[in-house]
Amino acid sequence: MEWTTLAGTGLGAVVGVGSTLLADRVRWRRETGERDRRERRELYVTCLTRYRLAYEAMHTAATAHRDGPADRRDAAVREAFRDSACDEVRENLLICAPEQMADVVEDVYASLRELLEVFAAGDPALDTPEFQEHRLRHAQAVWAARAAMRAALERGAR
């Protein structure tokens with residue numbers, strides 16, 4: 001057997017194995033990236049949904065106890081917030097999401113905590129322009145978070 005035939009066969013085997021390994025690596029990176037993006041999207045949706053449910057539960061509790069004793073309204077609003085599991089989903093997101101999401105998530109959470117205090121105190125009243133300012137600050141924080149989350153997911157898709 002000539003050495004050129006042997007060298008050609010060996011070179012062909014190396015090229016074949018190398019190209020297979022490279023193709024597997026590319027496929028693995030693509031699949032991992034897509035899985036990570038799906039997980040982040042689910043985490044973002046869960047976080048914003050929990051924040052929305054917390055807002056609605058606190059609003060309902062504050063409205064239901066509007067005319068009652070202040071301590072009962074305070075307790076009902078705080079219980080509604082605790083039951084929403086916002087703290088758990090926030091911590092999960094802060095640990096699992098990319099670091100650039102921390103600020104926008106914290107802004108939404110801070111505005112929600114501000115609303116918690118407003119609802120618990122009953123001041124300002126829910127039908128006043130002052131309350132609407134608090135609500136608008138929260139809505140703006142949510143809109144900014146959505147935009148940042150969408151941009152992060154789009155960057156991950158490329």
Side-chain angles (χ1 to χ4, degrees), residues 16-66 70-158:
V17 168
S19 65
T20 300
L21 290 174
L22 181 63
D24 284 347
R25 174 74 176 167
V26 168
R27 184 175 47 251
W28 174 81
R29 289 182 94 193
R30 185 180 63 243
E31 290 170 356
T32 300
E34 182 57 32
R35 187 190 69 238
D36 289 347
R37 206 164 59 85
R38 270 193 318 271
E39 289 172 359
R40 281 187 292 130
R41 182 177 48 238
E42 184 176 316
L43 189 58
Y44 296 159
V45 169
T46 300
C47 182
L48 292 178
T49 301
R50 292 290 175 116
Y51 285 0
R52 179 66 189 166
L53 292 173
Y55 171 85
E56 291 174 4
M58 291 186 307
H59 187 277
T60 300
T63 302
H65 295 88
R66 180 184 332 207
D71 61 334
R72 202 169 278 164
R73 179 187 55 249
D74 183 270
V77 168
R78 292 182 190 285
E79 182 179 354
F81 181 81
R82 267 191 313 280
D83 290 348
S84 71
C86 281
D87 288 324
E88 292 86 350
V89 76
R90 171 181 162 249
E91 291 301 325
N92 191 23
L93 195 140
L94 291 174
I95 291 170
C96 297
E99 198 170 323
Q100 67 267 23
M101 283 297 121
D103 289 340
V104 295
V105 169
E106 286 298 279
D107 287 346
V108 176
Y109 185 77
S111 67
L112 189 62
R113 292 295 302 217
E114 180 182 310
L115 282 169
L116 165 68
E117 297 304 326
V118 168
F119 286 135
D123 185 41
L126 302 182
D127 56 357
T128 64
E130 293 83 14
F131 172 74
Q132 294 305 319
E133 288 176 21
H134 290 283
R135 196 180 67 71
L136 180 60
R137 273 197 297 275
H138 177 66
Q140 289 170 336
V142 170
W143 294 330
R146 280 187 196 125
M149 291 171 178
R150 196 175 293 119
L153 289 171
E154 288 172 2
R155 277 193 304 272
R158 292 181 205 152

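Side-chain atoms of H59 and L115, non-hydrogen and from C-beta on, never get closer than 4.5 Å to each other. Residues S111 and Q140 have side chains not in contact (no heavy-atom distance under 4.5 Å, counting atoms from C-beta outward). For the pair L116/R113, a side-chain contact is recorded, criterion being any heavy-atom separation below 4.5 Å from C-beta on.
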**Request:** List the steps, then state whether salt bridge (charged side-chain N to carboxylate O under 4.0 Å, His left out) holds for R150 with E154.
**Result:** CA-CA 6 Å; R150 196 175 293 119; E154 288 172 2; 5.5 Å; no

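Among pairs with a residue in residues 135-147, those fulfilling salt bridge (Lys or Arg N to Asp or Glu O under 4.0 Å) read E114-R137, at least two apart in sequence or across chains. The stretch residues 75-109 participates, sequence neighbours left out, in no ring-ring contact (aromatic ring centres under 6.0 Å, His included) pair at all. Sorted by first and then second residue, the side chain to side chain donor-acceptor pair (under 3.5 Å) pairs involving residues 41-55 (not counting sequence neighbours) are R52-E56.
In this view, E130 and T128 satisfy the side chain to side chain donor-acceptor pair (under 3.5 Å) rule, not counting sequence neighbours. Legend: residues meeting side chain to side chain donor-acceptor pair (under 3.5 Å) with E88, ordered by chain and number and at least two apart, are absent. Checked against side chain to side chain contact (heavy atoms under 4.5 Å, CB included), N92 has the following partners two or more places apart in sequence or in another chain: L43, C96. Checked against ring pair (Phe, Tyr, Trp, His ring centres under 6.0 Å), F131 has the following partners two or more places apart in sequence or in another chain: F119. Take A76 and apply the side chain to side chain contact (heavy atoms under 4.5 Å, CB included) test, not counting sequence neighbours, and it matches A61, H65. Shown here are the side chain to side chain donor-acceptor pair (under 3.5 Å) partners of S84, two or more places apart in sequence or in another chain: there are none. R90 is linked by a salt bridge (Lys or Arg N to Asp or Glu O under 4.0 Å) to E106, counting only residues two or more places apart in sequence or in another chain. With sequence neighbours excluded, the residues forming a side chain to side chain donor-acceptor pair (under 3.5 Å) with D74 are R78, listed by chain and number.
Taking each heavy atom of A62 and L126 in turn, the nearest pair found is CB-CD1, 4.3 Å. Nearest heavy atom pair, residue P98 against residue R40, reads CD-CD, 3.4 Å. Across every non-hydrogen atom of V104 and A148, the tightest pair is CG1-CB, 3.9 Å. The minimum heavy-atom distance linking V108 with A141 is given by the pair CG2-O, 3.2 Å. Here the closest heavy-atom approach between residue M58 and residue A80 is recorded as N-CB, 3.9 Å.
A distance of 13.0 Å separates NE2 in H138 from NE2 in H134, rounded to the nearest 0.5 Å. The CG atom of L53 sits 11.5 Å away from the CG atom of D83 when rounded to the nearest 0.5 Å. Note that the CG atom of L94 and the SG atom of C47 stand 8.0 Å from one another [nearest 0.5 Å]. To the nearest 0.5 Å, atoms CD (E117) and CG (L112) are separated by 11.0 Å.
The 12-atom threshold is exceeded at CD of E91, counting heavy atoms of other residues, nucleotides or ligands nearer than 6.0 Å.
A salt bridge does not link R82 to E79: none of the charged nitrogens lies less than 4.0 Å from a carboxylate oxygen.
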